[in-house]
Amino acid sequence: MAKVLTKQQKTKIREAIFKKADSFGYSSNGRIDNGRFMDELVEDSEIGGVLKQYMSKERVRTYIKDSELNAYAKKKVNDTLDGIAPTETIEQVYGVTAMIIQSCTGKNVRVSVSRSVDGRIFVVSGGTVLKWETALRKALELIAKQPGLTVDGKTPSICLNLVSTTSDLTAADKNHITNALKAVGVQAVFRDI
C-alpha cells in the first residue's frame, strides 16, 4: 500500500515552503534564481526529504513547483490586490474621490464599481501582468451585464491594478501594455508584490 501525505504533513510542508519563499524573495526574483531555489527545496531535509518518502525525486520538484509555489504566488497576488483599495486607485489615477457602490471579489476576481462625487462611474479590476487581458475582460463583462452603469451614453472609466509576479517585467513591457490599454481608453497601474 502506498504511503500518503497526511493533511498535517502537507500543512507543515506548505508553511515551511512559504516561510523560505518569503525569506528568499521568491516573488521578486527571476526564473533562474527561482529554479535554484526550487532545487534547494528539493534537497531540504524538512521539505524534499519528507516528500521523497512519499514520491519520486522528479515528482517532488513538480509537487513543490505546481502545488506549493503556485499557491504561494497566488496568495501573494491576492494579498497585494486585497491591500489596495479601489478608491485609492481612482484617486491616484483620476485625481477624484469616489465611493465603492459594488464589489465583486472571488477566486481570481477583483472588480469594483465606484462613483465619484461629481457622478462619474469607475470600474477597477485587478489581476496579474501576465493575464492583464483577463482583468480587462472581467471589467468589460461587469459593464455589459449591468447597463445601468452607462450614464447618458457614457461608459464607466476602467482602470486595471496589475501585479507583477516576477522581476522580469521591463519598462518596455509596461509601456506596451499601457499603450495597448490606452488605445481603448483604459488605464493601468502596476503593483509590486
Side-chain angles (χ1 to χ4, degrees), residues 14 18 21-22 25-31 34 66-193:
R14 177 168 282 189
F18 280 27
D22 279 340
Y26 181 79
S27 297
S28 59
N29 284 309
R31 191 179 343 183
N34 284 346
D66 294 347
S67 181
E68 301 306 328
L69 289 174
N70 188 28
Y72 174 83
K74 285 181 180 178
K75 181 183 181 321
K76 287 302 217 177
V77 167
N78 289 333
D79 289 350
T80 300
L81 290 172
D82 289 343
I84 305 162
T87 53
E88 289 176 39
T89 299
I90 293 166
E91 191 162 344
Q92 177 186 354
V93 173
Y94 301 100
V96 297
T97 303
M99 289 180 37
I100 296 174
I101 57 175
Q102 181 181 349
S103 185
C104 306
T105 303
K107 185 180 178 185
N108 302 323
V109 176
R110 301 274 184 306
V111 185
S112 68
V113 179
S114 299
R115 182 186 317 266
S116 65
V117 289
D118 62 2
R120 289 187 285 167
I121 304 290
F122 300 91
V123 175
V124 177
S125 182
T128 64
V129 169
L130 188 61
K131 296 189 176 184
W132 63 268
E133 301 95 335
T134 301
L136 177 59
R137 188 184 84 239
K138 296 291 183 189
L140 294 171
E141 286 174 348
L142 179 72
I143 293 167
K145 287 179 188 174
Q146 299 184 10
L149 295 179
T150 301
V151 179
D152 297 327
K154 187 170 181 177
T155 56
S157 297
I158 300 172
C159 186
L160 306 181
N161 272 321
L162 301 175
V163 179
S164 177
T165 56
T166 69
S167 64
D168 297 337
L169 184 67
T170 65
D173 294 330
K174 289 180 184 179
N175 228 8
H176 174 72
I177 293 168
T178 300
N179 290 335
L181 291 170
K182 278 185 181 176
V184 291
V186 175
Q187 299 289 326
V189 180
F190 296 92
R191 309 290 184 177
D192 293 322
I193 289 182

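When a residue number appears, it is its place in the shown sequence, counting from 1.
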May I ask you to test the [X]-[Y] pair for a side-chain heavy-atom distance under 4.5 Å?
X      : Y      : value
Gln187 : Leu181 : no
Phe122 : Ser116 : yes
Ser112 : Val123 : no
Val111 : Val124 : no
Ile100 : Pro86  : yes
Thr178 : Phe190 : yes
Leu162 : Val189 : no
Lys145 : Leu142 : no

Okay, side chain of [X], backbone of [Y]: is any donor-acceptor separation there less than 3.5 Å?
X      : Y      : result
Asp173 : Leu169 : no
Ser125 : Ala135 : yes
Asn175 : Ala171 : no
Thr150 : Lys154 : no

Test: Glu141 and Arg137 ion pair at under 4.0 Å: yes

Test: Lys74 and Asp79 ion pair at under 4.0 Å: no

Arg191 side chain to Thr89 side chain, donor-acceptor N/O pair below 3.5 angstrom: yes

Calculate, to the nearest 0.5 Å, the distance between atoms [atom1] and [atom2] belonging to [X] and [Y] respectively.
X      : Y      : atom1 : atom2 : answer
Asp22  : Ser27  : CG    : OG    : 7.5 Å
Ile90  : Arg115 : CD1   : CZ    : 11.5 Å
Gln92  : Ile84  : CD    : CD1   : 8.5 Å
Lys75  : Thr80  : NZ    : OG1   : 9.5 Å
Ser103 : Arg110 : OG    : CZ    : 9.0 Å

Side chain to side chain contact (heavy atoms under 4.5 Å, CB included) evaluation trace for Val129 with Thr165: CA-CA 8 Å; Val129 169; Thr165 56; over 6 Å; no

Arg14 atom CZ: more than 12 heavy-atom contacts under 6.0 Å: yes

Working for side chain to side chain contact (heavy atoms under 4.5 Å, CB included), residues Val96 and Arg120: CA-CA 10 Å; Val96 297; Arg120 289 187 285 167; 2.8 Å; yes

Considering all heavy atoms, the nearest [X]-[Y] contact:
X      : Y      : answer
Phe18  : Glu68  : CE1-O, 3.4 Å
Leu81  : Gly127 : CD1-N, 3.8 Å
Ile121 : Leu149 : CG1-O, 4.0 Å
Glu91  : Thr97  : OE1-OG1, 4.2 Å
Thr87  : Ala98  : CG2-O, 3.2 Å

Intermediate values then yes/no, side chain to side chain contact (heavy atoms under 4.5 Å, CB included), Ile158 and Leu140: CA-CA 9 Å; Ile158 300 172; Leu140 294 171; 3.7 Å; yes

Residues that Ala21 engages under side-chain contact (heavy atoms from CB on, under 4.5 Å), provided they are two or more places apart: Tyr26, Phe37, Leu69, Tyr72

Test side chain to side chain contact (heavy atoms under 4.5 Å, CB included) applied to Ile101 and Ser114, step by step: CA-CA 5 Å; Ile101 57 175; Ser114 299; 5.7 Å; no

